[in-house]
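Report on one structure; see the data block that follows.
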Number of protein chains: 2
Amino acid sequence: MTDPAATAEAAAASSSRGRSGNGRVGREPYDIAAVLDIAVSAFNEFGYDATSISILAERLGTSKSAIYYHVSGKEDLLRLALDRAIGGLEAVLQLEEASVGNAEARLQFVVRGAVRVLVDDLPYVTLLLRLRGNTEIEREALERRRTFDHAVAILVDEARAEGSLRADIDARTTTRLLFGMINSIVDWYRSGGALTREQLADDVIAVAFGGLERR
Amino acid sequence: MTDPAATAEAAAASSSRGRSGNGRVGREPYDIAAVLDIAVSAFNEFGYDATSISILAERLGTSKSAIYYHVSGKEDLLRLALDRAIGGLEAVLQLEEASVGNAEARLQFVVRGAVRVLVDDLPYVTLLLRLRGNTEIEREALERRRTFDHAVAILVDEARAEGSLRADIDARTTTRLLFGMINSIVDWYRSGGALTREQLADDVIAVAFGGLERR
DNA sequence: GTCTATATACCGATAGAC
DNA sequence: GTCTATCGGTATATAGAC
């Protein structure tokens with residue numbers, strides 16, 4: 001349905017809209033995206049629990065009350081952020097290329113799409129991947145992540161069935177190791193360096209499917 | 001110098017010593033290991049910041065003051081825990097097998113050793129891997145982790161130089177993807193299941209070095 | 001060594017002025 | 001829509017009795 005790159009561009013555009021300009025808006029306050037960007041950045045830096053509304057207010061150059069005018073509370077910010085992250089991953093599975101062709105090609109497409117979402121929405125996905133599931137909101141996001149993982153595991157199964165992937169390792173273990181590699185990207189990749197998003201995706205696919213050894 | 005398995009066994013023995021028995025001890029209060037086990041478990045469950053001394057006291061069946069008698073504060077518990085985790089990984093590099101033979105064999109030995117430490121000290125390494133570096137203690141642990149990663153990156157370089165590993169992907173990226181896969185183990189592996197520690201290490205090495213594709 | 005009680009500070013969230 | 005002031009609650013850490 002939605003292209004992950006297009007989704008990321010739209011999100012980036014809305015978040016860079018800034019706090020100036022005060023025209024009327026449909027239903028959302030103007031700069032909730034800016035608040036969310038600041039919040040996610042702080043959540044990743046200090047952890048969700050350790051990030052106080054006061055810190056967010058300070059970074060936004062405003063007061064606690066001003067934030068409470070826009071969102072109903074700290075958990076609201078978390079919910080919005082997690083929805084964006086997991087929504088991006090889910091969108092990959094809805095793309096046409098994830099459903100046509102042989103299983104290995106579909107799996108590689110999903111891997112590439114996941115890498116793109118990780119890079120494009122890096123702070124948001126970082127937040128998602130570090131969840132512990134202590135609140136209802138976090139548990140809902142983790143449940144959606146499990147559903148995503150399950151869909152990928154099915155792809156792995158199909159690729160094994162068609163003879164593309166090795167069958168000597170449990171499919172669940174395979175999926176977890178594969179996404180362990182992919183998800184670790186949020187811990188070190190930063191855009192703007194020598195390694196582009198597409199090159200990173202190429203490398204991940206080369207290592208994961210081809211292995212580290214020279215062939 | 002120290003075998004990681006032996007280290008883990010000693011740690012497990014000391015931590016299971018329990019809180020009974022009140023004989024004299026050399027210099028440490030008797031059950032600091034028990035306090036540490038409880039603390040690390042809680043830190044992983046709620047996050048370090050969100051874990052209060054009150055919670056620890058409750059889980060230990062004692063009072064806050066009793067904990068403060070044993071440790072100087074919450075950060076002290078964190079420091080002890082992180083030292084155990086990173087110490088276990090560093091010990092792998094000191095083993096003889098990490099220094100003899102061809103580079104690929106040495107790299108595979110380090111990978112296997114790291115998996116063993118992750119499994120044997122799972123809660124401790126989990127804590128280490130989720131650090132954000134907001135306190136001096138955390139930054140010191142992260143610095144030691146960087147040194148460890150650097151040593152592994154050198155091994156990767158040597159394995160490439162000897163022609164064992166593929167050279168089309170940056171060595172630093174290779175190392176990060178490799179350890180991304182390894183480190184993800186703490187997010188899903190639980191001992192006691194069908195997958196043993198050594199089988200897991202075999203799978204990691206098979207996937208990382210051989211790739212997912214059928215050969 | 002462990003306890004209760006408390007000091008001091010900050011938390012999330014709200015009230016009400018403007 | 002943003003502000004200051006404040007509520008009730010909890011945090012780390014300590015004092016001092018036992």
Side-chain angles (χ1 to χ4, degrees), chain A residues 17-43 45-82 127 132 134-138, chain B residues 17-36 38-40 42-43 45-81 132 134-138:
Chain A
R17 196 187 291 148
R19 297 175 61 246
S20 60
N22 215 6
R24 212 122 23 86
V25 266
R27 58 175 206 269
E28 289 287 335
Y30 218 103
D31 48 7
I32 188 165
V35 175
L36 198 55
D37 273 357
I38 296 282
V40 169
S41 169
F43 290 165
E45 192 174 336
F46 306 116
Y48 172 70
D49 289 290
T51 303
S52 67
I53 301 286
S54 305
I55 292 175
L56 299 184
E58 195 176 314
R59 294 198 171 188
L60 282 162
T62 182
S63 66
K64 290 198 291 178
S65 303
I67 294 176
Y68 276 106
Y69 179 82
H70 290 285
V71 295
S72 71
K74 208 166 80 162
E75 285 209 323
D76 204 25
L77 289 168
L78 181 63
R79 188 176 47 75
L80 289 168
L82 295 179
L127 186 64
R132 265 175 267 257
N134 294 313
T135 68
E136 195 52 40
I137 289 167
E138 295 179 42
Chain B
R17 196 189 288 146
R19 299 176 60 245
S20 60
N22 215 4
R24 211 117 30 82
V25 267
R27 60 173 203 270
E28 288 288 335
Y30 220 103
D31 48 10
I32 187 164
V35 174
L36 200 54
I38 295 282
V40 169
F43 291 165
E45 191 174 337
F46 307 115
Y48 173 70
D49 289 290
T51 303
S52 68
I53 301 286
S54 304
I55 291 175
L56 300 183
E58 194 177 315
R59 294 198 172 187
L60 282 162
T62 182
S63 67
K64 291 196 289 179
S65 303
I67 293 176
Y68 276 104
Y69 179 83
H70 290 285
V71 295
S72 72
K74 209 166 79 162
E75 284 209 323
D76 203 27
L77 289 168
L78 182 62
R79 188 178 46 76
L80 290 169
R132 266 174 267 257
N134 295 313
T135 68
E136 195 51 41
I137 290 168
E138 294 180 42

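Each chain gets a letter, A, B and so on, in the order the sequences are listed, and its residues count up from 1. Values below: all heavy atoms of this structure, side chains included; hydrogens, waters and symmetry mates excluded.
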Original post:
Does B:E75 have any side-chain hydrogen bond (donor to acceptor under 3.5 Å, both in side chains) partners at least two apart in sequence or in another chain, and if so, which?
Top reply: none
**OP:** Using the test side-chain hydrogen bond (donor to acceptor under 3.5 Å, both in side chains), find all partners of B:R132 that sit at least two apart in sequence or belong to another chain.
**Re:** none
Original post:
According to the salt bridge (charged side-chain N to carboxylate O under 4.0 Å, His left out) rule, which pairs have a member within residues 52-61 of chain A, sequence neighbours left out?
Top reply: A:E45-A:R59
Original post:
Residues two or more places apart in sequence or in another chain: which of them pass side-chain hydrogen bond (donor to acceptor under 3.5 Å, both in side chains) with B:D49?
Top reply: none
**OP:** Apply side-chain contact (heavy atoms from CB on, under 4.5 Å) to B:I67 and list each qualifying residue two or more places apart in sequence or on a separate chain.
**Re:** B:I53, B:L56, B:A57, B:L60, B:T62, B:V71
Original post:
Between B:Y69 and C:dG1, is there a side-chain N or O to OP1/OP2 distance below 4.0 Å?
Top reply: yes
**OP:** Using a 4.0 Å cut-off on protein heavy atoms (strictly under), produce a 5'-to-3' string for nucleotides 11-18 of chain D with B for base contact, S for backbone-only sugar-phosphate contact, and - for none.
**Re:** SBBBB---
Original post:
Within this structure, what is the CG-to-P distance between A:L60 and D:dT2, rounded to whole angstrom?
Top reply: 10 Å
Subject >> Contact under 4.0 Å: A:T62 side-chain N or O vs D:dT2 OP1/OP2 >> reply: no
